[in-house]
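To start, the structure itself, in structure tokens.
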Amino acid sequence: MNQKIDISVVVPLYNEEESLPELVAWIDRVAKANSLAYEIIMVDDGSSDASWGVVERLKGEYPVIRGISFMRNYGKSAALYCGFEMAEGEVVITMDADLQDSPDEIPELRRMILEDGYDLVSGWKRKRYDPIGKRWPSKFFNLTARIMSGIKLHDFNCGLKAYRRKVVKSIEVYGEMHRYIPILAKHAGFKRIGEKVVEHHERKYGKSKFGLERMVKGYLDLISVSFMSHFGRSPMYIFGGLGTVMFLFGFFAVAWIIAEKFISGHPLTNQPLFYLSLVAIVLGVQLFLAGFLGELINRRSADRNSYQIDKRV
Ligand code: UDP
Ligand code: MG
């Protein structure tokens with residue numbers, strides 16, 4: 001029972017009944033060949049097919065399986081969150097259930113965490129077997145995410161990733177944030193983020209669960225996640241800063257326009273700059289107020305003083 005677990009493989013699954021037996025058998029084969037003590041954590045994200053029945057059946061055959069099943073479909077991020085909570089292994093691997101990711105990558109991913117010292121290693125599906133309508137938006141996503149986060153990864157959204165256990169216990173994945181786990185990890189203070197080119201396969205059974213609508217949500221999430229990581233603790237810095245700039249611009253422009261009226265007699269009201277400046281003053285004050293409100297909300301939030309502590313003596 002208390003034997004050390006080398007790897008926890010967390011598998012979020014939503015209507016993947018056909019691929020589960022093959023997936024589990026494959027993970028088992030790889031783990032045994034490398035003498036790894038392992039557990040498989042299957043999170044059934046409210047499947048409407050027979051997936052949960054298959055998990056229960058597989059549990060009989062492979063006692064290393066632990067599983068939970070949601071009452072309804074909450075999304076991949078929720079599934080990963082719960083899987084991370086349950087994971088006990090020294091290294092935690094996440095893997096899609098659809099056999100698009102290869103369990104053969106597990107030993108090398110684990111080695112990179114333990115020997116090369118990475119906190120997180122993300123797979124990179126360099127040669128990708130997905131429809132083109134998915135590959136191009138994904139390239140765009142990755143480019144934006146790279147620029148916004150400063151993390152040099154090619155494939156943020158790869159389902160196959162490996163983590164040091166501490167990482168998954170320190171981050172909170174929600175919404176459609178599973179795409180940006182490396183950003184969450186970086187924000188939590190884990191700087192050693194690596195990448196490994198991984199093999200990718202065409203979907204053998206079932207169909208993809210991510211369409212365009214999810215991509216739009218994912219994009220908005222990218223904006224929130226990078227906003228939160230820059231200004232989450234001090235919203236006044238952004239709102240107050242912008243507000244001050246706008247207010248000062250408006251104030252001095254109006255002062256100048258009024259002074260000029262007295263000197264040269266130009267009427268105020270036929271100058272576009274006058275109206276722009278008034279708008280700038282109003283917006284500046286509004287932004288400032290948004291900053292104050294942000295600070296007030298922050299002060300009342302339960303985790304305003306939650307910090308990740310690394311070491312103690
Ligand atoms: N998934 C999930 N909940 C969802 C959607 C997907 O747990 O609401 C799982 C799905 O079963 C699979 C993984 O997330 O194991 C990746 O999904 P999918 O293969 O559909 O995405 P794609 O590879 O097409 O990006
Ligand atoms: Mg897939």
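When a ligand or atom number is given, it counts from 1 through the structure's own listing order.
- Taking the six-membered ring where the residue is Trp, the centroids of Y219 and F141 are separated by under 6.0 Å.
- Using a distance-only test at 3.5 Å, with no hydrogens or angles considered, a donor-acceptor pair links the side chain of K59 to the main chain of I65.
- Ionic pairing of K204 and E22 is present here: one or more N-O contacts between side-chain nitrogen and carboxylate oxygen are shorter than 4.0 angstrom.
- If you check which protein heavy atom lies closest to atom 19 (O) of ligand 1, you get D98 OD2, 2.5 Å.
- The Mg ion (ligand 2) has D98 OD2, Q100 OE1 as its protein N, O or S neighbours under 2.8 Å.
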Let me have the donor-acceptor pairs involving side chains of residues 287-302, under 3.5 Å, with sequence neighbours excluded, atom names and distances please.
residue: E295; atom: OE2; partner: M236; partner atom: N; Å: 3.1
residue: N298; atom: ND2; partner: G232; partner atom: O; Å: 3.3
residue: N298; atom: ND2; partner: R233; partner atom: O; Å: 2.9
residue: S301; atom: OG; partner: N298; partner atom: O; Å: 3.2
residue: S301; atom: OG; partner: D303; partner atom: OD1; Å: 3.4
residue: S301; atom: OG; partner: R304; partner atom: N; Å: 3.4

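- Remark: R192 engages D119 in a salt bridge, criterion side-chain N to carboxylate O under 4.0 Å.
- Given atom 25 (O) of ligand 1, the protein heavy atom at minimum distance is K134 NZ, 3.2 Å.
- Residue-level proximity to ligand 1 for N73 is carried by the side chain, the only part with a heavy atom below 4.0 angstrom.
- For a threshold of 3.5 Å applied to N or O pairs, the pair formed by D130 and ligand 1 contains no separation below that value.
- Between the side chains of S149 and K186, no donor N or O sits under 3.5 Å from an acceptor N or O.
- Of the protein's non-hydrogen atoms, the one nearest atom 17 (O) of ligand 1 is F210 CE1, 3.4 Å.
- Aromatic rings of F84 and Y163 (six-membered ring for Trp) have centroids within the 6.0 Å cut-off, being under it.
- Salt bridge status for K76 with D45: absent, with no side-chain N to carboxylate O gap under 4.0 Å.
- The shortest separation from a heavy atom of R203 to ligand 1 is under 4.0 Å, placing the residue in contact.
- Of all the listed residues (K209, E16, M42), E16 holds the heavy atom that lies closest to atom 10 (C) of ligand 1.
- Here the heavy atom of the protein found nearest to atom 23 (O) of ligand 1 is Q100 OE1, 3.0 Å.
- Taking any N or O of Y14, backbone or side chain, at least one lies under 3.5 Å from an N or O belonging to ligand 1.
- In this structure, the ring of F210 has its center less than 6.0 angstrom from the ring center of H178.
- In terms of protein heavy-atom proximity, atom 14 (O) of ligand 1 is closest to K76 CD, 3.4 Å.
- Partners of R146 by salt bridge (charged side-chain N to carboxylate O under 4.0 Å, His left out), not counting sequence neighbours: none found.
- For residues 96-129, every residue pair satisfying the ring pair (Phe, Tyr, Trp, His ring centres under 6.0 Å) rule, not counting sequence neighbours, is listed here: W124-H154.
- Ligand 1 has an N or O atom lying under 3.5 Å from an N or O atom of P12, backbone or side chain.
- Atom numbering of ligand 1 starts at 1 in the shown order; those under 4.0 Å from a heavy atom of D45 are 2 (C), 3 (N), 4 (C), 7 (O), 8 (O).
- The shell of residues lying under 4.0 angstrom from ligand 1, judged by heavy atoms, excludes G159.
- With salt bridges taken as basic N to acidic carboxylate O contacts below 4.0 Å, none links D221 and R179.
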